[in-house]
Amino acid sequence: MSTQPVLHEQIAAFVTSVVGAMGLNVTVTSGASADGVRVDISGEEGELLVRRKGEALDALQHLVNSIWRDQTGRDGRIVVDCLDFRKGKDAELRQMAKFLIEKAKMTRTPQEMGPLNSYSRRLVHLEVSLDPDVTSESQGDGLVKTVIIAPR
């Protein structure tokens, strides 16, 4: 018996209570994804979470990660999205990584991307790992670091 459905239901219930306390009338759904748990928030009032470059959504993501990080395991990820905001930002980030990968290969000079939070850096490193001609590393201190994409 898997505990995964129980976990994503617990996370969705928590998110529902937080957005409810914020006075937002939204719908929260959750499910298992390829690498963990995905929570989606929908509804017109969800727009308040994605204003100002999604700062409120990032704060909610951080809160959820802080509470459930230990229960998802080392490779388990929790993604909290609202109105497909994060999905769009992820696609935009992957496109920028692909652009910089090609630029690094063409110019034979390292390319810098960031500053990025850990979630964004992971996406960039995963995109870079798909190309055997480039490598990547995070540089900097603290929670927000820069990713350097360099030719091999």
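Model, not experiment: these values are computed from the prediction.
The side-chain hydrogen bond (donor to acceptor under 3.5 Å, both in side chains) test applied to D84 returns no partner, not counting sequence neighbours. In this structure, the side-chain contact (heavy atoms from CB on, under 4.5 Å) partners of S118, at least two apart in sequence or on a different chain, are R121. With sequence neighbours excluded, the residues forming a ring pair (Phe, Tyr, Trp, His ring centres under 6.0 Å) with F14 are W68, listed by chain and number.
Using a 4.5 Å cut-off on side-chain heavy atoms (C-beta onward), Q71 and L7 make contact. Taking 4.5 Å as the limit, every side-chain heavy atom of V39 sits out of range of all side-chain heavy atoms of T29.
Pairing each heavy atom of H8 with each of A32, the nearest pair is CD2-N, 4.1 Å.
L123 and L130 fall into different hydrophobic clusters, where Ile, Leu, Val, Met, Phe, Trp and Tyr are joined by side-chain heavy atoms under 4.5 Å apart, directly or via other members. Hydrophobic clustering (ILVMFWY, side-chain heavy atoms < 4.5 Å, transitive): L100 and Y119 are in one cluster. No chain of hydrophobic side-chain contacts below 4.5 Å, direct or via other Ile, Leu, Val, Met, Phe, Trp or Tyr residues, connects V128 to L126. In this structure, V18 is a member of the same hydrophobic cluster as V37, with clusters built from ILVMFWY side-chain heavy atoms closer than 4.5 Å. Hydrophobic clustering (ILVMFWY, side-chain heavy atoms < 4.5 Å, transitive): V79 and V124 are in one cluster.
If you take OG on S120 and CE on M96, they are separated by 12.5 Å, rounding to the nearest 0.5 Å. Put simply, CG on D40 and OG on S30 are 9.0 Å apart, with the number rounded to the nearest 0.5 Å. Between the CD atom in E102 and the CD1 atom in I149 there is a gap of 10.5 Å [rounded to 0.5 Å]. Taking CD1 of I11 as the reference point, atom CD1 of I67 lies at 9.5 Å (rounded to 0.5 Å). Atom CG of D90 is separated from atom CZ of R122 by 10.0 Å, given to the nearest 0.5 angstrom.
Ion pairing of K98 with D131 is absent here, as no side-chain N (NZ or NE/NH1/NH2) approaches a carboxylate O to less than 4.0 Å.
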For residues 133-147, which side-chain donor-acceptor pairs fall under 3.5 Å, sequence neighbours excluded?
from : atom 1 : to   : atom 2 : distance (Å)
S136 : OG     : H125 : ND1    : 2.6
S138 : OG     : H125 : NE2    : 2.9

Check: residues 43-63 side-chain donor-acceptor pairs under 3.5 Å, at least two apart:
from : atom 1 : to  : atom 2 : distance (Å)
E45  : OE1    : N25 : N      : 2.5
D58  : OD1    : R86 : NH1    : 3.3
D58  : OD1    : R86 : NH2    : 3.4
Q61  : OE1    : V80 : N      : 2.7
Q61  : NE2    : N65 : OD1    : 3.1
Q61  : NE2    : I78 : O      : 2.6

All N/O donor-acceptor pairs, side-chain side in residues 106-116, below 3.5 Å, sequence neighbours left out:
from : atom 1 : to   : atom 2 : distance (Å)
T107 : OG1    : K103 : O      : 2.7
T107 : OG1    : T109 : N      : 3.4
T107 : OG1    : T109 : OG1    : 2.8
R108 : NH2    : R152 : O      : 3.1
T109 : OG1    : Q111 : NE2    : 3.2
Q111 : NE2    : T109 : O      : 3.2

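Results of the salt bridge (Lys or Arg N to Asp or Glu O under 4.0 Å) test with D81 over K89, K87, R38 single out R38 as the only residue that passes.
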